[in-house]
Amino acid sequence: MKIAVFPGSFDPLTKGHEEIIRKAVALFDVVYVAIGENAAKHCMFDLERRLQWIRQVFADEPRVKTCTYAGLTVDFCKRMGASYIVRGLRNSIDFQYEKDIAEANKQLVPEIETVFFASSPELAHVSSSLVRELYHHQADYSKYVSFEL
Ligand code: PNS
């Protein structure tokens, strides 16, 4: 069984995240979409709503499982028996940042490999922060999110 973890804040889940999850589930047997609880990071949407949205979007895909975790992503991977961490790349800025995190995770647990999926050009400008900004200003965010916030 090839088990992967896609960690993130998902504040909220965007169509960009959805694309990455669909690409990942084509390659892995199980993908845990895992909301990392970060005490230092204040999220706009509470944990339960973020979980529910992911469950709603992937209700038709039993191999996508949704959960939360605290602590290091690699420790969560070990608990779930996952050998892969999935991350999405939109541009070279993401790559620079993600490469360093992947290397840090590799130093912590060499057996866990980070696998990157490139987002399609149509979704490369989409981010949770963009959606939060639109939502805050009561602007239309429906192009970027598959559910009502
Ligand atoms: O949606 P984000 O903000 O990109 O997700 C961030 C997340 C949850 C993936 C990140 O904060 C994280 O991995 N937190 C757990 C701590 C950790 O393992 N850090 C990397 C190694 S130092």
Side-chain angles (χ1 to χ4, degrees), residues 3-25 27-28 30-59 61 63-109 112-120 122-149:
I3 303 173
V5 167
F6 182 22
S9 306
F10 305 106
D11 186 34
L13 180 85
T14 67
K15 290 189 182 179
H17 294 127
E18 284 178 38
E19 179 188 41
I20 302 302
I21 295 165
R22 297 205 189 277
K23 287 182 180 190
V25 85
L27 200 64
F28 299 108
V30 175
V31 177
Y32 288 102
V33 180
I35 304 180
E37 292 182 63
N38 184 344
K41 194 168 170 183
H42 177 75
C43 288
M44 178 177 263
F45 301 104
D46 68 42
L47 191 61
E48 197 48 44
R49 287 179 84 194
R50 285 180 280 145
L51 267 174
Q52 278 310 117
W53 286 325
I54 303 168
R55 288 192 179 132
Q56 181 184 318
V57 171
F58 291 96
E61 182 44 271
R63 292 184 302 115
V64 172
K65 300 183 188 300
T66 311
C67 41
T68 65
Y69 70 101
L72 290 174
T73 301
V74 286
D75 288 338
F76 176 71
C77 289
K78 283 200 282 186
R79 286 204 296 281
M80 306 315 279
S83 304
Y84 304 93
I85 295 172
V86 165
R87 293 291 285 175
L89 297 177
R90 293 166 299 186
N91 50 46
S92 58
I93 298 165
D94 277 355
F95 176 69
Q96 285 302 325
Y97 175 77
E98 295 293 341
K99 200 164 76 70
D100 291 349
I101 303 282
E103 186 53 38
N105 283 329
K106 191 94 196 160
Q107 297 290 325
L108 288 166
V109 183
I112 297 177
E113 192 65 40
T114 300
V115 178
F116 298 110
F117 290 90
S119 61
S120 59
E122 310 85 74
L123 292 170
H125 65 296
V126 180
S127 64
S128 294
S129 57
L130 169 73
V131 172
R132 291 196 300 271
E133 186 77 3
L134 292 170
Y135 176 77
H136 177 74
H137 293 286
Q138 286 112 47
D140 180 17
Y141 56 78
S142 60
K143 273 209 262 321
Y144 307 123
V145 174
S146 301
F147 41 86
E148 187 126 354
L149 296 171

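We number each residue from 1, following the sequence as shown.
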Heavy-atom distance under 4.5 Å between the side chains of [X] and [Y], does that happen here?
{"X": "F28", "Y": "V115", "value": "yes"}
{"X": "Y144", "Y": "L134", "value": "yes"}
{"X": "R132", "Y": "P12", "value": "yes"}
{"X": "E133", "Y": "L130", "value": "no"}
{"X": "V25", "Y": "F58", "value": "no"}
{"X": "L149", "Y": "V131", "value": "yes"}
{"X": "Q96", "Y": "D100", "value": "no"}

Indicate the atoms forming the closest heavy-atom contact of [X] with [Y], along with that distance.
{"X": "K23", "Y": "A118", "answer": "NZ-O, 2.8 Å"}
{"X": "V86", "Y": "A24", "answer": "CG2-CB, 4.1 Å"}
{"X": "K15", "Y": "S142", "answer": "NZ-O, 3.4 Å"}
{"X": "L47", "Y": "I35", "answer": "CD1-CG2, 3.5 Å"}
{"X": "S146", "Y": "V57", "answer": "CB-CG2, 4.3 Å"}
{"X": "E148", "Y": "W53", "answer": "O-NE1, 3.7 Å"}

Any side-chain donor near an acceptor of the partner, E103 and Q107, under 3.5 Å: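 Their side chains do contain a donor-acceptor pair, which is all the 3.5 Å distance test asks for.
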
Approximate separation, where rounding is to 0.5 Å, of [X] [atom1] and [Y] [atom2]:
{"X": "E61", "Y": "I21", "atom1": "CD", "atom2": "CD1", "answer": "10.5 Å"}
{"X": "Q52", "Y": "R50", "atom1": "CD", "atom2": "CZ", "answer": "12.5 Å"}
{"X": "D94", "Y": "I101", "atom1": "CG", "atom2": "CD1", "answer": "11.5 Å"}
{"X": "I3", "Y": "R63", "atom1": "CD1", "atom2": "CZ", "answer": "12.0 Å"}
{"X": "S9", "Y": "N38", "atom1": "OG", "atom2": "CG", "answer": "7.0 Å"}
{"X": "R49", "Y": "F147", "atom1": "CZ", "atom2": "CZ", "answer": "9.5 Å"}

Is it true that atom NE2 of H42 has more than 12 heavy atoms of other residues, nucleotides or ligands lying nearer than 6.0 Å?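 Result for NE2/H42: open.
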
F95 CZ: over 12 foreign heavy atoms closer than 6.0 Å: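 Atom CZ in F95 is not packed in, count stays at 12 or less.
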
Do the side chain of K106 and the main chain of T114 share a donor and acceptor less than 3.5 angstrom apart?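 A pair under 3.5 Å: no.
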
Only one of E18, E19, R90, K143 clears side-chain contact (heavy atoms from CB on, under 4.5 Å) with L123; which?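 Among the candidates, only E19 passes.
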
Could you tell me if the ring centre of H136 sits under 6.0 Å from that of Y141?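 No, the ring centres sit 6.0 Å or more apart.
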
Can you give me every donor-acceptor pair (side chain of residues 66-73, partner residue at least two apart or in another chain, under 3.5 Å) with its distance?
unit_1, atom_1, unit_2, atom_2, d
Y69, OH, T73, OG1, 2.7

Test I112 against I85 for side chain to side chain contact (heavy atoms under 4.5 Å, CB included), laying out the working first. CA-CA 7 Å; I112 297 177; I85 295 172; 3.7 Å; yes

Can you sort out the partners of F10 under ring pair (Phe, Tyr, Trp, His ring centres under 6.0 Å), two or more places apart, ordered by chain and number?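 By the ring pair (Phe, Tyr, Trp, His ring centres under 6.0 Å) rule, F10 matches F6, H17.
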
